[in-house]
Amino acid sequence: MTLHSLIDVLPKAELHLHIEGTLEPEMMLALAKRNGVELPYNSVAEVQAAYEFDCLQDFLDVYYQGMSVLINERDFYDLTMAYLEKVHGQGVRHVEIFFDPQAHMERGVAFETVLGGISSALETAGREMDMTSKLIMCFLRHLDEEDAFGALNCACKHKEHIYAVGLDSSEAGRPPELFSRVFAKARAQGFKAVAHAGEEGPAAYIETALDDLKVSRVDHGNRAFENPALVARMAAEQMPLTMCPLSNLRLKGITDLKEHPIKKALNAGLLATVNSDDPSYFGGYVNENYKQVADAVGLTGEDIVTLAKNSFKASFQSPSEKQAYLDKVDTQLRSWQRRQ
Ligand SMILES: Nc1ncnc2[nH]cnc12
Ligand SMILES: [Zn+2]
């Protein structure tokens, strides 16, 4: 229980969060009404009943359908503000947020509508809640290279708002190297790179994300543990892993949270972090992820502090910004210890 109070008070960064995956059922239904969008659900209970997944693809089908209610800039603003307010209350002070513009553009929603709503909410949160942020544009790996180049061309016009590119959606059979040329161009244009790898796909996909896409972080990376040499390499390079325990449980990557490799990752010296992925769909925001995985695998107070510090170390902030947050973690830790 006391560890839960430590989790509540520590400053944290969230580095693996799909903004479209924060769409709560209540907002989904309200936006469907506001925008005149037809959904196959009539109540919150009906929406929630659809959240039974056997694998990543099951989830993605529901996720793309849910986001069809997001039409206007205001919708993206409201969605993003609701997330930021929620996690500010959980001690999150820095966020690096994914968004999926191709999923909106293919429905006729303009890139600028999506980006405008999300980035103005991030600016509001910076001003009013002192939250810092970066935005990561993901390429949908179930679509082809040409489609990804189209999204990249849009991003190139808005470099002041987009810091990095990522790779998400259906992983099986869609290895990172299919997007080597897109990522090479993105990096040449000054974007940092991250990629989902080893969520469902094999450890080899993590290796090609590192070697071909030249990512600065691996999103999920659970299957790295099938290859001890890869784990040793990632530890030596201090390559961050953004892990998402409740997501892995809900998408059946593991059958019990006790199997989650977060403790193994820390013991192997990896720069592992805890994140929520798609909190509305997976039953918990970042603190629920910390608390439930801590209870399941027996994380210590020291582990919790390491994970909170790792979240800032693994971020795209400057060294001095990181240090300022690490100092805040220490300050909060000392004041929590005095209260025990
Ligand atoms: N967990 C996940 N894996 C891949 N693509 C996603 N898009 C949203 N959530 C995702
Ligand atoms: Zn993800």
Side-chain angles (χ1 to χ4, degrees), residues 13-24 28 50-68 70 76 79-80 83 87 95-106 114 118 134-143 147-148 151 164-176 178-179 193-202 205-206 209 213 215-224 240-254 260 262 272-286 289 293 311 314:
E14 181 151 49
L15 307 179
H16 185 152
L17 182 280
H18 302 263
I19 197 62
E20 297 90 345
T22 68
L23 181 59
E24 291 287 344
M28 188 190 293
Y51 294 1
E52 262 313 313
F53 314 116
D54 280 331
C55 61
L56 175 59
Q57 193 58 51
D58 276 2
F59 154 69
L60 289 169
D61 294 343
V62 174
Y63 167 79
Y64 292 122
Q65 180 170 57
M67 69 174 76
S68 68
L70 299 165
F76 290 94
L79 176 74
T80 308
Y83 162 71
V87 295
V95 292
E96 299 190 354
I97 292 182
F98 298 132
F99 72 116
D100 284 335
Q102 289 161 285
H104 307 301
M105 289 193 290
E106 70 178 7
V114 181
I118 299 171
K134 302 241 183 281
L135 202 45
I136 303 172
M137 183 189 79
C138 282
F139 301 114
L140 297 183
R141 69 202 307 163
H142 69 269
L143 299 178
D147 213 286
V165 296
L167 186 65
D168 68 359
S169 198
S170 325
E171 188 182 12
R174 302 293 292 163
L178 292 173
F179 298 90
V194 301
H196 284 55
E199 179 184 17
E200 283 191 347
Y205 286 17
I206 301 173
L213 305 190
V215 296
S216 307
R217 282 202 300 253
V218 173
D219 298 314
H220 293 295
N222 298 46
R223 291 189 62 187
L241 277 188
T242 62
M243 305 194 101
C244 307
L246 291 177
S247 166
N248 301 147
L249 182 66
R250 296 294 286 266
L251 301 186
K252 310 256 182 347
I254 48 178
H260 198 275
I262 190 75
T273 64
V274 169
N275 308 271
S276 69
D277 207 2
D278 301 282
S280 167
Y281 291 90
F282 300 147
Y285 285 76
V286 68
N289 274 270
V293 81
S311 73

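Just so it is clear, the structure is predicted and the values come from calculations on it, not from any experiment. For ligands, and for the atoms within them, numbers begin at 1 and follow the listed sequence.
- Asp61 and Gln57 share a side-chain donor-acceptor pair at under 3.5 Å.
- For the Zn ion (ligand 2), the set of nearby N, O or S atoms under 2.8 Å includes none belonging to Cys244.
- With a heavy-atom cut-off of 4.0 Å, Glu199 touches ligand 1 through its side chain alone.
- A centroid separation of less than 6.0 Å is found between the aromatic rings of His196 and Phe98.
- The shortest heavy-atom distance from Asp219 to ligand 1 is not under 4.0 Å.
- Ring centers of His142 and Tyr64: under 6.0 Å apart, within the cut-off.
- Closest N/O/S atom of Asp277 to the Zn ion (ligand 2): OD1.
- In this structure, the protein non-hydrogen atom closest to atom 10 (C) of ligand 1 is His18 NE2, 3.6 Å.
- When each atom of ligand 1 is checked for a heavy atom of Leu56 under 4.0 Å away, the hits are 2 (C), 3 (N), 4 (C).
- Distances from the Zn ion (ligand 2) show that His18 has an N/O/S atom below 2.8 Å.
- Residue Asp278 places at least one N or O, backbone or side chain, under 3.5 Å from an N or O of ligand 1.
- Of all the heavy atoms of His220, the ones lying under 4.0 Å from any atom of ligand 1 belong exclusively to the side chain.
- Among all non-hydrogen protein atoms, the one lying nearest atom 5 (N) of ligand 1 is Ser169 N, 2.8 Å.
- With a 4.0 Å cut-off on non-hydrogen atoms, Asp168 touches ligand 1 through its backbone as well as its side chain.
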- Task: For side chain to side chain contact (heavy atoms under 4.5 Å, CB included), just list the numbers for Phe99 and His18, CA-CA rounded to whole Å, side-chain angles, deciding distance to a tenth of an Å, and then say yes or no.
- Result: CA-CA 6 Å; Phe99 72 116; His18 302 263; over 6 Å; no
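- A donor atom on one side chain and an acceptor atom on the other are found under 3.5 Å apart for Glu14 and Tyr83.
- With a heavy-atom cut-off of 4.0 Å, Phe59 touches ligand 1 through its side chain alone.
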Pair Asn289, Ser276 - check side chain to side chain donor-acceptor pair (under 3.5 Å), show working.
CA-CA 6 Å; Asn289 274 270; Ser276 69; 5.0 Å; no
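- The ring of Phe179 has its center no closer than 6.0 angstrom to the ring center of Phe139.
- Protein heavy atom in closest approach to atom 1 (N) of ligand 1: Asp277 OD2, 2.7 Å.
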